[in-house]
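Reviewing the structure listed below.
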Amino acid sequence: MKEIVVLSGKGGTGKTSLTASFALLAGSSAVVADCDVDASDMHLLMGPVVKQKELFYSGKEAVIDQEACISCSRCLEVCRFDAVLSDGTHFEIEPVSCEGCGYCARVCPADAISMKPSLAGELYISEVRSGAHMVHARLGIGAENSGKLVARVKNEAKTLATRDSKALVLVDGSPGIGCPVVSSLSGADYIVIVTEPTISGWHDLKRLRELLGKFRLPSGCVINKADLNDEYADKIRKYLEEEKMDMLGTLPYDENFTAAMVQGKTILEEPFSESETAENVRGIWQKIQAAVGWSKE
Amino acid sequence: MKITIASGKGGTGKTTLSTNLAALWAEKRHITLLDLDVEEPNSGLFLKGTPINREILEKFIPEWHADKCRLCGLCQEVCEFNAIMKLGTEIMVFPELCHSCHACSGLCPTGSLPMVAREMGELYHYRMDNLDVVEGRLAVGEEQAVPAIKKVKEYQKREIPDADLILMDSPPGTSCPVIETVKDADFVILITEPTPFGLHDLKLAVETVRGLDKEMAVVINRHGIGDDGVENYCSDEGLQIPARIPQDLNIAKTYSAGKLIYPVHPGMKEELSHLIVFLESL
Ligand code: SF4
Ligand code: SF4
Ligand code: SF4
Ligand code: SF4
């Protein structure tokens with residue numbers, strides 16, 4: 001089984017629209033995972049029919065039993081996250097600040113604090129338009145540990161791929177360079193970075209590359225909106241050469257991406273399927289297949 | 001007054017809005033901009049000023065001292081984040097996973113785990129006339145954004161104590177780092193694109209901000225592409241839209257080169273002026 005993860009550094013580079021296009025091209029031979037759980041938009045293009053749904057708990061939060069509390073103040077002293085609120089006699093945990101470390105519960109002399117699991121989000125397994133299964137999630141508001149939810153989405157997708165003997169797992173990765181993206185990288189065979197020729201796209205690409213270097217993962221790059229700025233497009237091309245990353249192709253600045261999105265479609269579908277952009281997307285997908293040594297046929 | 005600029009997803013123009021708004025507003029009064037998007041702080045690419053200060057951001061992690069340790073394993077047992085483990089006759093700490101809660105250190109019966117400082121990123125402070133910018137930057141591979149955000153806010157309180165108008169550029173999304181930047185704001189601006197993706201993420205952001213009991217308004221970026229979904233949603237929900245930044249290839253090009261938009265785009269300047277009037281009337 002091969003696993004391809006699509007990343008972008010910052011958002012708004014067209015990563016999700018492109019991943020959805022790849023998913024259509026891969027059809028039923030892939031399992032799709034939306035690991036961009038902070039902004040899980042891929043389902044809007046994939047027409048999912050939810051088959052399975054479950055709550056996802058991750059981390060804990062402290063709760064004080066007011067009957068048992070003897071107002072000794074120990075919890076307040078040890079908490080490093082200013083999560084214990086008190087007027088001197090009444091003690092209460094503020095859930096938004098509680099990190100779930102459990103220190104207070106361990107030092108409470110009256111055993112008044114319990115740690116209860118906190119709801120991190122919902123996980124879905126759906127059937128999508130391309131004939132594939134898709135695993136996606138919705139992170140609860142202000143929930144922590146989106147890294148764990150990301151790992152869960154990915155593992156679920158891999159389990160499905162193994163069960164159904166699918167050769168490919170296609171992952172819409174998380175943005176940024178923090179915890180969630182690290183979780184979406186583990187176990188990947190190939191990384192596709194979608195960038196744009198802007199000063200921030202350029203800086204984010206370098207930071208992302210630094211992170212990928214730590215994982216020694218082979219990677220390639222798509223320059224979206226390539227005609228926006230020639231100077232940065234050239235800089236990115238040179239950088240890819242120096243870093244021995246594959247240049248997978250470029251896409252023009254094309255408002256049809258948005259027009260297709262409004263219709264809940266990818267750029268590969270009518271009436272956009274014959275456009276230059278659509279042609280390029282198919283070419284890029286060919287190159288990715290060659291790079292990972294997999295093909296649908 | 002503290003105003004947080006947030007967005008449900010990345011790439012909707014959050015940095016464009018915060019840098020341009022800060023620069024234009026600073027033509028009238030003193031502004032402090034905190035770039036709290038510590039995984040990808042980009043303000044410094046668009047606002048170039050005189051460097052005032054640079055600090056190492058530190059977090060505290062336990063350091064194992066073998067001599068007195070009885071290998072009782074309590075540290076591993078108490079850590080909720082799998083950041084400390086007993087492996088054979090050694091105790092290993094995984095700094096990136098550590099949330100600095102001090103539990104292992106405080107509970108170790110032999111005092112073998114003093115907390116020591118470790119670098120997790122950097123902070124830059126620079127100034128242009130009436131505008132102070134403080135930017136936090138997390139080291140690559142470091143997983144905890146919240147402590148870095150807290151440090152930047154502490155720095156502002158310490159070094160720019162008389163700041164009366166603070167803009168905070170929040171990380172994208174709705175997870176804990178976002179909460180950290182919204183929870184002490186007086187007002188929140190959510191920026192979005194008028195597309196189905198934008199609408200979907202805006203709804204989550206609105207729920208988040210409501211959950212924290214904050215007042216907010218919406219700014220639409222790339223106004224003119226997409227559909228009416230966002231406008232309709234805002235009017236149904238009673239959310240004001242004090243500015244609409246037009247969809248314009250020239251704005252995208254100016255942005256791509258790392259330049260401020262409003263000095264060369266009258267349309268942008270006009271929308272930002274509306275926004276400033278709106279915010280000043282709050
Ligand atoms: S669990 Fe940790 S963060 Fe939460 S209240 Fe207790 S000590 Fe504070
Ligand atoms: S440590 Fe326990 S008994 Fe003491 S104030 Fe906290 S909850 Fe109450
Ligand atoms: S709690 Fe202290 S004494 Fe026990 S294993 Fe950990 S470091 Fe050693
Ligand atoms: S300080 Fe807290 S998070 Fe860090 S290793 Fe110790 S128990 Fe774990």
Side-chain angles (χ1 to χ4, degrees), chain A residues 8-13 16-17 36 38-41 44 59-60 78-81 96-97 99-103 106-107 115 138-139 141-147 175-180 182 196-201 203-204 207 210-211 214 225 228-229 231-232 253 255 258-259 261-262 264, chain B residues 7-13 15 37-40 42 45-46 78-81 96 99-103 106-107 138 140-146 171-179 183 193 195-197 200-201 204 207-208 211-212 222 225-227 229 247 249 252-253 255-259:
Chain A
S8 73
K10 80 193 252 301
T13 59
T16 299
S17 293
D36 193 350
D38 258 327
S40 55
D41 294 329
L44 298 172
K60 294 178 181 161
V78 300
C79 179
R80 293 273 157 181
F81 305 97
V96 172
S97 302
E99 191 85 358
C101 69
Y103 197 177
R106 296 218 172 235
V107 299
M115 301 300 296
R138 179 178 166 169
L139 190 66
I141 297 304
E144 309 216 12
N145 295 324
S146 56
I177 55 155
C179 182
V182 171
E196 55 180 34
T198 64
I199 187 167
S200 52
H203 278 258
D204 292 342
R207 251 163 105 69
E210 218 182 300
L211 180 74
K214 292 188 179 214
K225 309 176 193 167
L228 204 54
N229 186 312
E231 185 195 337
Y232 281 104
Y253 182 93
E255 289 183 11
T258 308
M261 185 205 296
V262 168
Chain B
S7 65
K9 73 193 267 281
T12 54
T15 303
D37 191 357
V38 296
E39 281 185 33
E40 270 147 0
N42 281 336
L45 303 176
F46 301 91
V78 301
C79 182
E80 286 286 344
F81 310 105
E96 283 95 354
H99 288 224
S100 310
C101 74
H102 288 234
L107 294 167
L138 213 54
V140 170
E142 195 58 58
E143 301 193 357
Q144 305 297 324
V146 172
T174 54
S175 59
C176 30
V178 183
I179 304 289
K183 73 180 186 191
E193 289 182 357
T195 63
F197 282 10
H200 176 258
D201 299 328
L204 296 178
E207 264 184 70
T208 309
L212 293 165
R222 303 185 71 199
I225 55 156
D227 56 15
Q247 158 68 6
L249 185 58
K253 286 193 166 159
Y255 166 83
S256 75
K259 296 199 181 100

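Residue numbers start from 1 in every chain, and the chains themselves are labelled A, B, ... in the order their sequence lines are given, proteins ahead of strands.
- Proximity to chain A is limited to the backbone of B:Ser100, based on heavy atoms less than 4.5 angstrom apart.
- A search for salt bridge (charged side-chain N to carboxylate O under 4.0 Å, His left out) contacts involving A:Glu231 returns nothing, not counting sequence neighbours.
- Taking each heavy atom of A:Arg106 and B:Leu107 in turn, the nearest pair found is CD-CD1, 3.7 Å.
- Heavy atoms closer than 4.5 Å to chain A are found in the side chain of B:Leu212, but not in its backbone.
- Legend: residues meeting ring-ring contact (aromatic ring centres under 6.0 Å, His included) with B:Phe46, ordered by chain and number and at least two apart, are B:Tyr255.
- Under the 4.5 Å side-chain criterion, counting only non-hydrogen atoms from C-beta, A:Asp204 is in contact with B:Asn42.
- For the set B:Gly229, B:Gly211, B:Ala252, the entry with the most heavy-atom pairs within less than 4.5 Å of chain A is B:Ala252.
- Here the shortest heavy-atom pairing between A:Ser17 and B:Phe197 reads OG-CE2, 4.1 Å.
- Between chain A and the options B:Gly13, B:Gly226, B:Ala103, B:Cys79, the largest number of non-hydrogen pairs under 4.5 Å is found for B:Ala103.
- Taking CZ of B:Arg222 as the reference point, atom OG1 of A:Thr258 lies at 5.0 Å (rounded to 0.5 Å).
- When all heavy atoms are compared, the tightest approach of A:Tyr232 to B:Ala257 is CE1-CA, 4.2 Å.
- Closest heavy-atom contact between B:Leu138 and A:Arg207: O-NH2, 2.8 Å.
- Residues A:Lys225 and B:Ser256 are not in side-chain contact: their nearest non-hydrogen atoms beyond the backbone lie 4.5 Å or more apart.
- Looking at B:Lys259, there are no atoms closer than 4.5 Å to chain A (heavy atoms on both sides), in backbone or side chain.
- Contacts of A:Glu210 with chain B are made by both backbone and side-chain atoms, with heavy-atom separations under 4.5 Å.
- For B:Asp227, the parts lying under 4.5 angstrom from a heavy atom of chain A are both the backbone and the side chain.
- The two residues A:Met261 and B:Pro196 come nearest to each other via the heavy atoms O-CG, 3.5 Å.
- Pairing each heavy atom of A:Tyr103 with each of B:Gly106, the nearest pair is OH-CA, 3.1 Å.
- Both the backbone and the side chain of A:Ser200 come within contact range of chain B, with heavy atoms under 4.5 Å apart.
- Note that the CD atom of A:Glu99 and the NE2 atom of B:His99 stand 5.5 Å from one another [nearest 0.5 Å].
- The shortest distance between side-chain heavy atoms of B:Ile225 and A:Val262 does not fall below 4.5 Å.
- If you measure heavy-atom distances from B:Gln247 to chain A, the contacts under 4.5 Å come from the side chain alone.
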